[in-house]
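Everything below concerns the one structure shown next.
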Amino acid sequence: MSTTSDPRRRPPARFRPSRQRFEVPPEPAGDQDGRRAPWDRPGDVRAHPVQTGFMLTVGVGLALLVYYVLTNVGGLVGWIVTAAFICLGLDPLVRWLESKGLPRPLAAGIVIVALALLITGFILGVVPRMVEQAQQIAARGPDFVNDFMQSDLFHTLDARFDIASSVQTAADGLQKRITTDENFLGGIFGSVVNVSGVVLNAITGTLIVMALSLYFLFSLPTMKAWCYRLAPASRRARVQQLGERMTNGVGNYVMGQACVALINAAVAFILMNVWGVPYATLLVLFVGLLAFIPLVGGVLAGILVTIAASLGGWDTAIPYAICYFAYLQLEAYVVSPRIMARAVAVPGAVAVIAVAAGGALWSVLGALIAIPTAAAGLLLVREVFVPRQDAR
């Protein structure tokens, strides 16, 4: 019997090489006093003018390349930022479970499963009711239009601005264009195709954000360790300290703002049912989404629901508006300060400017991330720039 082993046979499991992992490189070994080894010390390198000019040219080229990439993949950047903020928002829960002795993969898995169950319950329990109320609004749309056209407000506006004749002229022009313009139907078809592309893009973005959020949540410590490892060794400890403070502050802000939005939506839903506001289940979704926007979101939600409540009469809208805006004062001075005590702290004027600028640059996502971004900038100014200026 031959003892020669078959080269096609796989080696035993204990001799198989383990899969390579992309790990953070270890800190460089120093000498007895903690200083760098001689071979790690940088030499005396004097830059030549040609080298300096070449490096400046390369830097400008890289800046232009980054600008070109960002302007052409802005949607991808938005997805990455959204996934990062979702990850930072869930990280406080994961760290709390870790403090109870659970390993991070198990803690992250528990948080993800709980979030998935919460979303599934919302879809199964609330979404069908919302769809039903949306269908009711669509069915009653013509009645709303007729009631408005027969109201005293419409007659007053029509007498002053001649609205009826303007609408009739626009309708006649649209009908004539449909019957005579051959390219009109093609334009409608193109609009439908564009809408389909937007829907497909939204579905793709949602899937990408979910996948990135899961990956970021599981590997957040490794990602932060890599970022800290790229800092100079003499400032690495300081960078790590500031980085942990910023990420923890952002995570606490996202979680705190989510709690504030949920409480806001719950109070609005209770008030809508107490005062008989129509389509309360559908409206509470918009209240919850708008409440995520700091400072102005609650006010916009109150105005929206008040307008919708006016469909049931001003005796419904006015009491709801009084109660809801009274709660906004309670939220601003009692609820939000207690929940956001461990989150970021930003002066009111800076918060308003940050939200306005973020909304103008990046719509709703920009308004959501404006305050934590401003808080991170204020932290760097207070901890880095001001001490450097004081030392001069």
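Residues: numbered from 1 along the sequence shown.
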- Item | CZ (R238) with more than 12 external heavy atoms under 6.0 Å | yes
- Message: Please determine whether the number of non-hydrogen atoms from other residues, nucleotides or ligands lying under 6.0 Å from atom CZ of F325 exceeds 12.
- Response: yes
Side-chain heavy atoms of [X] within contact of [Y], under 4.5 Å:
X    : Y    : value
L88  : L220 : yes
M210 : L214 : no
I371 : Y253 : yes

- Query: Which heavy atom of A291 sits nearest a heavy atom of Q257, and at what distance?
  - Reply: O-NE2, 3.0 Å
- Query: Between the side chains of Y228 and E244, does any donor sit under 3.5 Å from an acceptor?
  - Reply: yes
- Query: Does a donor on one side chain sit under 3.5 Å from an acceptor on the other, for Y327 and E331?
  - Reply: yes
- Item | Approximate separation, where rounding is to 0.5 Å, of N248 CG and D91 CG | 7.0 Å
- Query: From L97 CG over to L106 CG, what is the distance, rounded to the nearest 0.5 angstrom?
  - Reply: 8.0 Å
Single-linkage hydrophobic cluster [X]~[Y], side-chain heavy atoms < 4.5 angstrom:
X    : Y    : result
I123 : F286 : yes
L271 : I322 : no
I318 : V267 : no
W226 : V239 : no
L118 : V209 : no

- Message: Working note: R95 + E98, criterion salt bridge (charged side-chain N to carboxylate O under 4.0 Å, His left out); need CA distance, chi angles, decisive distance, verdict.
- Response: CA-CA 5 Å; R95 286 189 280 111; E98 283 186 295; over 6 Å; no
- Message: The test is side chain to side chain contact (heavy atoms under 4.5 Å, CB included); show your working for I293 and L300 and say whether it passes.
- Response: CA-CA 10 Å; I293 302 176; L300 294 177; 5.6 Å; no
Using atom types as modelled and distance alone, determine if a side-chain donor or acceptor of [X] lies under 3.5 Å from a backbone N or O of [Y].
X    : Y    : answer
R104 : L217 : yes
Q241 : R236 : no
N273 : F269 : yes

